[in-house]
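Treat the numbers as computed from the prediction; the structure is a model and nothing was measured. First the proteins, then the strands, lettered A, B, ... as listed; each starts at 1. Atom set for the values below is all heavy atoms of this structure, side chains included, hydrogens, waters and symmetry mates excluded.
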Amino acid sequence: MNYTEKVMDHFMHPRNVGKLEKYNAVGEVGNASCGDIIKLYVLIDSDNIIQDISFQTFGCGAAIATSSMTTEMVKGKHIDEALNVTKDQVAEELGGLPANKMHCSNLAADALHKAISDYKAKNGIK
Amino acid sequence: MNYTEKVMDHFMHPRNVGKLEKYNAVGEVGNASCGDIIKLYVLIDSDNIIQDISFQTFGCGAAIATSSMTTEMVKGKHIDEALNVTKDQVAEELGGLPANKMHCSNLAADALHKAISDYKAKNGIK
Amino acid sequence: MEKRIYLDNSATTPVRPEVLEAIYPFLKELGGNPSSRHKEGRLVKAAFEKARDSVATAINAESKEVIFTSCATEGNNTVLKGYLSGLRSRTGKNHIITTAVEHPSVLSTARELEKKGTEVTFLPVDKFGRLNLDMLRSSIKENTGLISVMMVNNETGNIYPVKEIAKIAAEKGVLFHIDAVQAIGKIPVDVKDIGCDFLTLTAHKFYGLKGSGALYVKWGKWASPLITGGHQERNRRAGTENVVGAVGLGKAIELAVKEQSEESARLKKLRDHLEKRILEEVPYTRVVGDPGGRASFISNISFRFVEGEAILLKLDYDGIAVSTGSACSSGNLEPSHVISAMKVDPEEAHSSIRFSLGRSTTAEDIDYTVERVKETISQLRSFSPVYDKFLLENEKKSAWRV
Amino acid sequence: MEKRIYLDNSATTPVRPEVLEAIYPFLKELGGNPSSRHKEGRLVKAAFEKARDSVATAINAESKEVIFTSCATEGNNTVLKGYLSGLRSRTGKNHIITTAVEHPSVLSTARELEKKGTEVTFLPVDKFGRLNLDMLRSSIKENTGLISVMMVNNETGNIYPVKEIAKIAAEKGVLFHIDAVQAIGKIPVDVKDIGCDFLTLTAHKFYGLKGSGALYVKWGKWASPLITGGHQERNRRAGTENVVGAVGLGKAIELAVKEQSEESARLKKLRDHLEKRILEEVPYTRVVGDPGGRASFISNISFRFVEGEAILLKLDYDGIAVSTGSACSSGNLEPSHVISAMKVDPEEAHSSIRFSLGRSTTAEDIDYTVERVKETISQLRSFSPVYDKFLLENEKKSAWRV
Ligand SMILES: Cc1ncc(COP(=O)(O)O)c(C=O)c1O
Ligand SMILES: Cc1ncc(COP(=O)(O)O)c(C=O)c1O
């Protein structure tokens, strides 16, 4: 049940942390009873590029590290491209996750999907 | 399940061991399947005093030590007095015996009873 | 290893030097089997039985009432399974009573028995983790065979009133088992004074070796063994004796009991200082447990808005070892069953950290720990969505009030 | 301690220096709980899992197939009880086959299961202690769930044809458990090559610590644990891990397997020399066991007309440690169940002595032992009533012949 160095790095030095000053999309998933809540703040420009992104996470080391990694992976990407980023890719980028953390704590991609689909709905993008 | 020093002394240096040159009473008890066979050779004089006594024993340390001690305890005694020597007394003289050796391996008194009663029967003593 | 502060003494403790010294001859040259009749066996047997005497003395039992086991988990299994199968077949009694806050070695075992047809009552606790003795009394039925309650809880430090429970059990003719794992060396444990029938302990909670424990069984109360085979331990636990473990246990318990009152007082001061500072200096924290009765070496503190594992890992990085819940349930993602049983809400249940002090703990350790805790909590809260929401709601509330 | 010659390596072995060296750090400073998430835990976990790898490598298993236990007795209990209760409830299979010469940890456990309604076949052996494989095959029935046969007998050294048995078991779809306690380090043990489902071993038979063993369970064949509680050992054996024991086991088995062929050859020479001299120089003696297939470190010799314990005690006094039967049945006055199963007559069964050689055994030890044996036997026979009778009968016979 140990974390890889990469996980520990993202956990100890999370990237894109906190709440953006300016954002136009938000996605939140998880709940306290399962122990993980992840909220993404996304600034999407008129070309549908993710200009900036940040996260807030209540959760274990894996939850924080996957949040951090996900933001890094999608920043600067077109939203449709960003939607292709999967949990497995996030875990892979982190050098792997303990089996029992694979699904419960790897929620940032879900949060991103939520943020983007809300954004799309609000802005009439299909 | 340890033996006392006294037991070990009688086991390592058994007294009155072997078969008397001359004897007029014999008692044998035990059998191979229980692991102990004790045979006493007794020389009883005309005053019914145990002039001499010796033993042969197939058995464990306790069987050998109790045989040795019993012969010591009854040598020179009148046969009726000798019959009063109990297994418990033998064990006590030896400083005690492990519980599971108390009955199975402490057979010399029985052998003595057998020897003396045979002797009495043969010689018409009541 | 860099300087570390080990505050996880409820999970396990390192072997103390006196124990190492006591076992060393049995690692170095005395390698006989205590059941062997020759000198190599007898030498080892003597030390092994001396260790049994030490355990007996420490808990005020008789030596023949002490059975060496491989750990308290085995001891608890032996009582619950072995005892019950014996009792059931003799008397038909098939109901046991335990609590919702027991260690998994009792709790999972009771659940397993339940699946196989035993009736089990799991007594609830209140928000401080306390039992209701009236409820305990009234849950005893005609077919109740056994009550099993721990003495000191491994997550909160709560002390349970085993003497009162023993009295109730005795009145009702029910056998009483105590898991005293976290009590040895922390509070006095006297089986005669308590009046229990079974009591389990494990060496590694008081500086003995892991893999070595003991089970007290009141003379005459033995039922049937969990592990059968050779004649060891008066036919109550088969298997070649763990000589090193038992000799270490004997030495460890002797010292633990001798030093108990002084060491408990020392740790209480340190623990109280830790709690006072954290509660004062870190907002939105509270102690989880019974304010009226906790063993003095454990502190379970909830840090709202942040998750326990994250705190654990950050402190670990700073050189401080703490835990979330019990070590044996790590790998489990559920919040602690003990904290949950105290009706703590799920978010807070995920936020609790157990600090457990021990022989190595110093006042400097505590102050350093507080500093690191403050920093860690404020860092983690800085990006906690729960904390953010809480602040916003508070702002709104204040806005309304204006 | 004065110079001693230890010829009871089947009962137990002392800890070897390499093992002491391997465990020392875990006694001295590395005291964490392998289930803990912090550094103290992770360091210990790593060593613990490395030990598991060593065990797996030694028997050609995968690491996840190795469960650490407190001893082989626990392992045997786990397979027989845990397995059977799981299998019975799933498939209704309720018949097991074992042999009359198993260790008590299998035999008594099987007898206990029998009392509780399991059908048990105890296969007999011939006068050399050999099994009849046709009989084994024909005793397999529709409801046979498990066959349990040891690899090397602890009293005679007999090697049982586990590979053939595995084949039969596989053909018939029956699970196969091997007690390999006396085989590790003595003959090659390769679970894949053999094709067994379960295999038990215990560290103290090959210079590891008492109180530490391992159970191999083929992946996919797990049924249910004997000891329940925390999540240790993939939920297959609860209880805080015996780190010192496991690390010692890992090192011990690694060395035992590495040195096996050379050491077995060395001991075979010594053992054969011992037997040759005793059989030639002490009349009325014979080797008890299978002339065609014995492990090379055990010699069980019967010395007619004298009783085993008496021999043991006298040799002990002379500085030589041997045994009568297994250590765990000492305190038992019955002749060995193994020897009895070989239809040896009771008097001779009481007369047998097990010499078991090990790392410390030298050629000088053997020669000294033979001298002391000669002296001891002739002393004890000098006042044996059985010997006396035998001599008299022989005299009579010769007299007739004249
Ligand atoms: C063949 C055999 N099986 C099982 C055991 C049991 O081992 P332990 O006593 O370590 O449980 C032994 C030795 O005691 C043995 O010789
Ligand atoms: C209260 C309590 N009971 C039982 C146990 C089990 O002890 P072990 O893991 O040594 O079997 C523990 C600790 O692990 C405990 O804290």
Side-chain angles (χ1 to χ4, degrees), chain C residues 1 4 6 8 11-15 20 27-29 31-33 35-41 70-71 73-74 76-77 103-105 108-109 112 202 204 209-212 226-232 238-245 309 312-313 316 321-323 326-332, chain D residues 1 4 6 8 11-15 20 27-29 31-33 35-41 70-71 73-74 76-77 103-105 108-109 112 202 204 209-212 226-232 238-245 309 312-313 316 321-323 326-332:
Chain C
M1 203 147 111
R4 299 276 304 173
Y6 186 71
D8 200 11
T12 194
T13 54
V15 173
L20 176 50
L27 293 166
K28 195 68 187 167
E29 51 182 6
N33 186 322
S35 297
S36 293
R37 298 294 312 282
H38 45 62
K39 183 170 181 178
E40 282 79 354
S70 71
C71 59
T73 297
E74 183 197 317
N76 290 340
N77 273 259
H103 185 267
S105 51
S108 315
T109 304
E112 211 195 282
T202 193
H204 70 96
L209 277 81
K210 293 176 245 306
S212 168
L226 184 67
I227 298 179
T228 47
H231 294 302
Q232 294 91 351
T240 301
E241 299 87 342
N242 180 348
V243 173
V244 164
E309 192 207 84
L312 181 155
L313 291 174
D316 182 44
V322 299
S323 74
S326 65
C328 63
S329 61
S330 88
N332 192 335
Chain D
M1 202 146 110
R4 299 275 305 172
Y6 186 71
D8 199 10
T12 194
T13 54
V15 174
L20 176 50
L27 293 166
K28 193 70 187 168
E29 50 181 5
N33 186 323
S35 295
S36 293
R37 298 293 313 280
H38 45 61
K39 184 169 182 177
E40 282 80 355
S70 70
C71 58
T73 297
E74 183 196 317
N76 290 340
N77 273 257
H103 185 266
S105 51
S108 314
T109 304
E112 210 193 285
T202 194
H204 71 95
L209 277 80
K210 290 174 249 303
S212 169
L226 184 68
I227 298 180
T228 47
H231 295 299
Q232 294 92 349
T240 301
E241 298 87 342
N242 181 349
V243 173
V244 164
E309 191 207 84
L312 181 157
L313 291 174
D316 182 45
V322 299
S323 74
S326 66
C328 63
S329 61
S330 87
N332 194 336

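The two residues C:Lys28 and D:Leu20 make their nearest non-hydrogen contact at CD-CD2, 3.9 Å. The two atoms that bring C:Ile227 and D:Asn77 nearest to each other are CA-OD1, 3.5 Å, heavy atoms only. C:His38 and D:Asp8 make their closest contact through NE2-OD2, 2.7 Å (heavy atoms, listed as atom of the first residue, atom of the second, distance). The shortest heavy-atom contact between C:Gly31 and D:Lys210 is O-NZ, 2.9 Å. Taking every heavy atom of both residues into account, C:Thr228 and D:Glu112 meet most closely at CG2-OE1, 2.6 Å. Smallest separation of non-hydrogen atoms from C:Asn33 and D:Thr12: N-CG2, 3.3 Å.
Of the inter-residue distances, the one linking D:Ser323 atom OG with C:Glu40 atom CD reads 11.5 Å to the nearest 0.5 angstrom. Here C:Leu312 contributes atom CG and D:Arg37 contributes atom CZ; the two are 7.0 Å apart, rounded to the nearest 0.5 Å. For the atom pair C:Leu226 CG and D:Glu74 CD, the distance stands at 8.0 Å (nearest 0.5 Å).
Across C:Thr109, C:Val15, C:Leu27, the residue that shares the most heavy-atom pairs under 4.5 angstrom with chain D is C:Leu27. Of all the listed residues (C:Gly41, C:Ser212, C:Ala238, C:Cys71), the one sharing the greatest number of non-hydrogen pairs under 4.5 Å with chain D is C:Ala238.
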